[in-house]
Amino acid sequence: MSFSPEWLRLREPADHRSRDKALLAKAASHLAGKDEPVIYDLGAGAGSNLRGTALALGTRQRWVLVDYDPALLSASLDFLSAWADKSRPTAAGLELEKSNKLVRVEVKRADLNANPAPWGDSIPDLVTSAALFDLVSENWIDRFCAALAKDKLALYTTLVHDKTAKWSPTHDADKQMTEAFERDFGKEKGFGPSAGNKAIGLIGKKLKALGYDAELADSDWILGPEDHALIEALAEGWANAVRETRSVPESVIQSWLAARKARGTTCIVGHKDLLALPR
Ligand SMILES: C[S@@+](CC[C@H](N)C(=O)[O-])C[C@H]1O[C@@H](n2cnc3c(N)ncnc32)[C@H](O)[C@@H]1O
């Protein structure tokens, strides 16, 4: 499944303001004693999770951004250079200075379905991800959780879709559109049959069973008129997904889409964050 850098860029402000700040602070405390913690960001895309996390962490950090999409990894280096106060290319990626933090960044191209533990023998201090786990299957979750538990690795993940969107004002086609969208959302996304909205709860449950303390927190997108461009893009994405199911007439999709793109539409999209620390 591929994602455009433009879409990831558009959602970044909503992603950053929606994540649970108390859980982020707890993830930061977990790393507080480390000189230069090593952080693996899975499905890193264009680097938004680093930009949303790094300022809460200590003064030196090393990030490894993992994704299978080379165009996104390349965009991540451009976006991170633009975000930083100072940026210097290195053999592996970049060295960044931002608000008195020194952040070394590497990019690593890897398919997480083939290997859910791309750190190999270089054990990280934290595994993180944003907006990734609603794509994966229960079988993949089992493999991933077992790999974390083997080395007692901490996990901090954010913005995992867990509830269908609620649009306002209501439209006659909401039920039909939502049901079709959810059917499409549950489709295979390259990791086997998708666990979709259930994924984040499953990860928490499985890690608890493997000896972790796991804490969930809400990180819903609450989108209002100031997020008009994101709401429009989200509605377009819904319409395209529903078209693929071939279960809703095009005239109904068009009517719903026109209403959703009208000024004044608001939308709440359910997300969860999770911090799981080995006991
Ligand atoms: C919704 S995007 C989130 C990107 C980024 N974490 C963010 O918050 O903007 C999901 C990311 O997972 C990556 N991805 C999906 N399947 C993958 C796989 N099998 N292996 C590696 N990366 C994958 C995509 O390329 C994309 O960058």
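Please read all numbers here as calculations on a predicted model, not as lab measurements. Both backbone and side-chain heavy atoms feed into the values below; hydrogens, waters and symmetry mates do not. One-based numbering, in listed order, for ligands and for the atoms of each.
Geometrically, ligand 1 and D15 share no nitrogen or oxygen pair separated by less than 3.5 Å. Between A130 and ligand 1, at least one pair of N/O atoms sits closer than 3.5 Å. Some N or O of L112 is nearer than 3.5 Å to an N or O of ligand 1, by distance alone. Checked by distance only, ligand 1 and D67 come closer than 3.5 Å through their nitrogen or oxygen atoms.
Among residues at least two apart or in separate chains, there is no ring pair (Phe, Tyr, Trp, His ring centres under 6.0 Å) pair with a member in residues 50-103.
Side chains of S18 and S219: no donor on one and acceptor on the other come within 3.5 Å.
For H161 and F133, the distance between ring centers is not under 6.0 angstrom. Ring centroids of W140 and F144 are separated by less than 6.0 Å, placing the two rings close together.
For H30, the side-chain contact (heavy atoms from CB on, under 4.5 Å) partners two or more places apart in sequence, or in a different chain, are A154, L277.
Of all the heavy atoms of F3, the ones lying under 4.0 Å from any atom of ligand 1 belong exclusively to the side chain. Counting heavy atoms under 4.0 Å from ligand 1, residue N49 does not touch it at all. Contact annotation for L8 and ligand 1: only side-chain heavy atoms (C-beta onward) come within less than 4.0 Å of the ligand. Within the 4.0 Å heavy-atom criterion, neither part of S2 lies near ligand 1.
Under the 4.0 Å criterion applied to side-chain N and carboxylate O atoms, E97 and K101 are not assigned as salt-bridge partners.
Not a single heavy atom of G190 sits less than 4.0 Å from an atom of ligand 1. Within the structure, ligand 1 has A110 among the residues with a heavy atom less than 4.0 angstrom away.
In the vicinity of A44, heavy-atom distances shorter than 4.0 Å reach the ligand 1 atoms 5 (C), 6 (N). Ligand-side atoms of ligand 1 in range of L132: 12 (O), range being under 4.0 angstrom from any heavy atom. Near G45, meaning under 4.0 Å from one of its heavy atoms, ligand 1 places the atoms 4 (C), 27 (O).
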Point to revise | Check against side-chain hydrogen bond (donor to acceptor under 3.5 Å, both in side chains), Y40 and R62 | key: CA-CA 9 Å; Y40 262 69; R62 187 156 82 76; over 6 Å; no
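Closest to atom 14 (N) of ligand 1 among all protein heavy atoms lies Y68 CE2, 3.6 Å.
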